[in-house]
Colleague: 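Dropping a structure here in structure tokens format, bear with me for questions.
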Amino acid sequence: MSTKNNYIRKDIPDPALSTGFTVLERVKFELGNKQYYSDEEYSLIIYENHLNPEATYNKDTDQRNMLETVYAIMQTLSNDLDLYRKIETEFSTEDQAYKYLQLRLQDIQNRIDSIPDPEEEESSNVSYMFYNRRW
């Protein structure tokens, strides 16, 4: 009996093929699988950030928009701390919950800022001081 293939897990998707997550599942995973809103509400926010919730998540193309979606969801929670505290019960005061949310939002924003925006033009330190206009 060969033990060569005994350590290959069949339940994990091949990373060369796909992540195995849908965009909706990846957003929920980033939120710690906390059900702050319904899947329909999550999907609406995902669509607002130019992603399809049923599509397979691709880190190379979807990570920035996915993090912007998570940021938007967390921002809505900072506007409704009672909803947040129903799910996250370790905060005894609204002030503690608000401070934690602000730190989490800053962390997400830092992650978004570290990812280059593909639609943003390359900026250069060199610009034309003089140029000829041809009319």
Side-chain angles (χ1 to χ4, degrees):
M1 178 176 181
S2 172
T3 60
K4 183 177 180 182
N5 291 330
N6 288 350
Y7 298 105
I8 297 175
R9 293 187 56 188
K10 304 289 185 196
D11 58 330
I12 297 176
D14 184 356
L17 300 176
S18 70
T19 61
F21 282 115
T22 64
V23 173
L24 176 61
E25 290 169 337
R26 183 62 180 93
V27 166
K28 290 167 106 178
F29 185 71
E30 187 68 31
L31 292 168
N33 289 318
K34 305 284 183 173
Q35 194 67 35
Y36 300 113
Y37 298 109
S38 68
D39 285 355
E40 292 79 25
E41 291 167 317
Y42 282 143
S43 295
L44 177 65
I45 298 171
I46 291 169
Y47 280 124
E48 287 176 355
N49 285 289
H50 312 290
L51 292 172
N52 181 348
E54 291 88 26
T56 301
Y57 175 75
N58 181 335
K59 183 177 180 178
D60 295 333
T61 58
D62 300 336
Q63 185 179 22
R64 184 179 181 89
N65 291 348
M66 184 274 302
L67 287 172
E68 288 173 350
T69 301
V70 171
Y71 187 89
I73 292 167
M74 297 298 282
Q75 207 167 29
T76 63
L77 292 172
S78 71
N79 293 331
D80 188 0
L81 290 174
D82 291 331
L83 173 65
Y84 181 67
R85 288 180 60 207
K86 284 181 189 175
I87 306 296
E88 299 289 341
T89 57
E90 70 263 12
F91 302 110
S92 58
T93 66
E94 283 189 7
D95 187 50
Q96 288 176 332
Y98 183 78
K99 286 179 182 177
Y100 176 79
L101 271 173
Q102 292 307 308
L103 287 173
R104 180 80 168 110
L105 285 168
Q106 185 60 49
D107 177 56
I108 295 168
Q109 186 62 53
N110 290 342
R111 289 174 61 194
I112 292 169
D113 291 342
S114 71
I115 301 169
D117 187 359
E119 296 177 9
E120 194 172 281
E121 290 184 24
E122 290 269 336
S123 62
S124 173
N125 293 338
V126 179
S127 63
Y128 292 109
M129 187 179 270
F130 302 102
Y131 62 93
N132 293 332
R133 287 192 199 178
R134 295 189 179 169
W135 300 33

Colleague: S114 and R111: which non-hydrogen atoms are nearest, and at how many Å?
Modeller: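 Distance-wise, the nearest heavy atoms are OG-O, 2.7 Å.
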Colleague: Given side-chain contact (heavy atoms from CB on, under 4.5 Å), test K28 with N33 step by step and report yes or no.
Modeller: CA-CA 5 Å; K28 290 167 106 178; N33 289 318; 4.0 Å; yes
Colleague: State, to 0.1 Å, how close P53 and T22 come at their nearest heavy-atom pair, and which atoms those are.
Modeller: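 That would be O-CB, 3.5 Å.
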Colleague: Provide the closest heavy-atom pair for M66 versus L51 in the form atom of the first, atom of the second, distance.
Modeller: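 Nearest heavy atoms, M66 then L51: N-CD1, 3.6 Å.
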Colleague: Are D95 and K99 within salt-bridge range, i.e. N to O under 4.0 Å?
Modeller: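 Looking at K99 together with D95, the answer is yes, because their closest N to O distance falls below 4.0 Å.
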Colleague: For N79 and Q75, test the side chains for any donor-to-acceptor distance below 3.5 angstrom and give the result as yes or no.
Modeller: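 No.
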Colleague: Could you walk me through whether Y98 and Q102 satisfy the side-chain contact (heavy atoms from CB on, under 4.5 Å) test, starting with their C-alpha distance in whole Å, then the side-chain angles of each, then the deciding distance to 0.1 Å, before giving a yes or no?
Modeller: CA-CA 6 Å; Y98 183 78; Q102 292 307 308; 3.4 Å; yes
Colleague: Got F29 and E25 here, is their nearest side-chain heavy-atom distance under 4.5 Å?
Modeller: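 Not touching, per the 4.5 Å side-chain cut-off.
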Colleague: Heavy atoms only: give me the nearest R104-M74 pair and the separation to one decimal.
Modeller: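 Result for this residue pair: CG-CE, 3.4 Å.
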Colleague: Can you name the residues that form a salt bridge (charged side-chain N to carboxylate O under 4.0 Å, His left out) with E68, not counting sequence neighbours?
Modeller: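 With neighbours one apart ignored, the set is R64.
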Colleague: CD1 of I108 to CG of D113: how many Å apart, nearest 0.5 Å?
Modeller: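 Result: 12.0 Å between the selected atoms.
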Colleague: Is there side-chain contact between L44 and Y37, with at least one heavy-atom pair below 4.5 Å?
Modeller: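 A side-chain contact is absent here, since even the closest heavy-atom pair is not under 4.5 Å.
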Colleague: Please answer whether the main-chain N or O of V27 pairs with a side-chain N or O of Y57 as donor and acceptor at a distance below 3.5 Å.
Modeller: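 Answer holds: no.
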Colleague: OG1 of T76 to CD1 of I45: how many Å apart, nearest 0.5 Å?
Modeller: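 So the gap between those two atoms works out to 5.0 Å.
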Colleague: Could you tell me the separation between the CG atom of L31 and the CG atom of L77, rounded to the nearest 0.5 Å?
Modeller: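 Spacing of CG (L31) from CG (L77) equals 8.0 Å.
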Colleague: So Y42 and Y36, do their side chains get closer than 4.5 Å, heavy atoms only?
Modeller: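 In short, these two side chains touch, coming nearer than 4.5 Å.
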Colleague: Starting from the C-alpha separation in whole Å, work towards a yes-or-no answer on side-chain contact (heavy atoms from CB on, under 4.5 Å) for L81 and L101.
Modeller: CA-CA 9 Å; L81 290 174; L101 271 173; 3.5 Å; yes
Colleague: So how far is it from L67 CG to N110 CG, rounded to the nearest 0.5 Å?
Modeller: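 Those atoms lie 11.0 Å apart.
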Colleague: Test side-chain contact (heavy atoms from CB on, under 4.5 Å) on E41 and I73 and set out the steps.
Modeller: CA-CA 10 Å; E41 291 167 317; I73 292 167; over 6 Å; no
Colleague: What pair of heavy atoms forms the shortest contact from D82 to E94, and how long is it?
Modeller: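 Here D82 and E94 meet closest at OD1-OE2, 3.2 Å.
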Colleague: Is there side-chain contact between Y47 and N52, with heavy atoms separated by less than 4.5 Å?
Modeller: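 In contact.
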Colleague: Return the minimal non-hydrogen interatomic distance between L24 and S43, and the atom names on each side.
Modeller: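 In terms of heavy atoms, the two residues are closest at CD2-OG, 4.3 Å.
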Colleague: Got a donor-acceptor contact below 3.5 angstrom from the D62 side chain to the N58 backbone?
Modeller: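 Flag set: sc D62 to bb N58 pair under 3.5 Å.
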